[in-house]
Student: 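Take a look at this one; I'll ask things after.
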Amino acid sequence: MKYEWILFDADNTLLDFTKASEKAFAKALQNMDIPHQVDYFSRYKKANHVVWTAFENGEIEAITLRSKRFELFLTDIQIERDPALFNTHYLNNLVAHTTLYKGALNMLDGLKDKTKLGLITNGLKEVQRPRLRHTGIYHLFDTIVVSDEIGVAKPNPAYFDYVFREMNYPPKEKVLVVGDNLLSDIKGGINYGTDTCWFNPENKENTTPFSPTFVARNFEEILKGLK
Ligand SMILES: [Mg+2]
């Protein structure tokens, strides 16, 4: 084993966020008594992307992000509802609908005795730990760092400062960051001096200037890259 620590991103790396989010959103529409239209989820995702990007760039606070995305969505579809309540329903539903990608539990279980495992996630404090518990992987990690709990997010070096303190400062070349997002996980790891694995199951093109140490299209390829 090449690495003393492997730091996994959560959403769309281990957890199927795309599916959970779609189900949670559909259920929240019901909760808010809004009839579902075919394009609503993509319109919500657009609003959500706008606020998360602003948040990751440090332009807005996490507390604003929560209801702001629903405010944008409601304005877009021209329906009046309480965006904060919409958000509460959505987050509750998100915990209940979160599932692991097939093979994630096996991979983590297999790694548990060979290396230390960390979970590094840009997520909201109300839901990230409950979602990890819900999927049965919470206990497998030696450290879990939720951006919203510490007030700073990937790729900010201050986020990685916190993670390295939690890990008791291993050599950076002995740490691997694994994640699906080139601009938070891979950029963050590269700029901090760790190795990186871009989890890219959909074979997307890398249009960023950030080149990961290796690319994995599935969990087998992550395991191969650790030797
Ligand atoms: Mg992710």
Side-chain angles (χ1 to χ4, degrees), residues 5-25 41 44-46 48-57 62 65-66 69 90-91 94-95 97-105 107-108 111 117-132 134-135 137-138 140-141 143-150 152-156 159-160 162-163 175-192 194-208 210-219 221-222 225:
W5 277 89
I6 303 175
L7 302 174
F8 283 97
D9 168 54
D11 283 308
N12 288 344
T13 298
L14 300 171
L15 310 180
D16 190 345
F17 179 78
T18 305
K19 196 163 89 185
S21 172
E22 187 160 11
K23 285 185 177 172
F25 177 78
F41 185 58
Y44 162 73
K45 276 198 296 186
K46 209 179 283 172
N48 187 51
H49 184 73
V50 168
V51 297
W52 269 101
T53 304
F55 172 64
E56 281 168 8
N57 292 335
L65 179 159
R66 288 163 168 79
R69 53 195 174 167
Y90 170 76
L91 290 183
L94 193 62
V95 175
H97 289 291
T98 296
T99 53
L100 288 172
Y101 285 127
K102 196 170 174 285
L105 186 59
M107 173 181 63
L108 295 171
L111 289 172
L117 297 177
L119 195 288
I120 55 169
T121 175
N122 284 358
L124 302 183
K125 58 187 169 196
E126 302 94 305
V127 288
Q128 282 316 68
R129 288 177 196 269
R131 292 173 67 224
L132 293 168
H134 179 82
T135 52
I137 58 171
Y138 189 88
L140 295 171
F141 295 98
T143 185
I144 294 175
V145 180
V146 179
S147 62
D148 190 37
E149 292 177 354
I150 64 168
V152 62
K154 298 175 287 185
N156 193 326
Y159 179 92
F160 289 91
Y162 188 98
V163 176
V175 177
L176 176 72
V177 170
V178 181
D180 68 297
N181 191 316
L182 288 161
L183 296 178
S184 54
D185 305 313
I186 306 309
K187 178 183 175 181
I190 288 173
N191 286 350
Y192 206 76
T194 73
D195 277 5
T196 53
C197 166
W198 182 30
F199 184 61
N200 183 24
E202 288 167 20
N203 251 315
K204 288 180 193 158
E205 195 191 339
N206 183 354
T207 55
T208 75
F210 306 106
S211 294
T213 313
F214 68 100
V215 184
R217 286 166 302 180
N218 50 50
F219 294 141
E221 291 186 357
I222 294 179

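One-based numbering, in listed order, for ligands and for the atoms of each. The analysis underlying the following values was restricted to heavy atoms, covering all of them including side chains, and did not include hydrogens, waters or symmetry mates.
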Student: Starting from the Mg ion (ligand 1), look over the N/O/S atoms of Asp9 and name the nearest one.
Tutor: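 Checking each N, O and S atom of Asp9, the shortest distance to the Mg ion (ligand 1) belongs to OD2.
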Student: Donor-acceptor pair, Asn181 side chain versus Asp185 backbone, under 3.5 Å?
Tutor: no
Student: Report the name of the N/O/S atom of Asp180 located nearest to the Mg ion (ligand 1).
Tutor: OD1
Student: If you consider just the N/O/S atoms, which atom of Asp11 is the closest one to the Mg ion (ligand 1)?
Tutor: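 Relative to the Mg ion (ligand 1), the closest nitrogen, oxygen or sulfur of Asp11 carries the name O.
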Student: Got an N, O or S from Asp185 under 2.8 Å of the Mg ion (ligand 1)?
Tutor: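 It does not: Asp185 brings no N, O or S atom closer than 2.8 Å to the Mg ion (ligand 1).
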Student: Answer yes or no: is there a donor N or O on one side and an acceptor on the other, between the side chain of Asn12 and the main chain of Thr18, under 3.5 Å?
Tutor: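 The answer is yes, because a donor-acceptor pair under 3.5 Å joins these two groups.
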Student: For a 4.5 angstrom cut-off between non-hydrogen side-chain atoms, does Glu149 reach Tyr162?
Tutor: no
Student: Less than 3.5 Å apart, any donor N or O on the side chain of Thr99 or Asp16 sitting next to an acceptor on the other?
Tutor: no
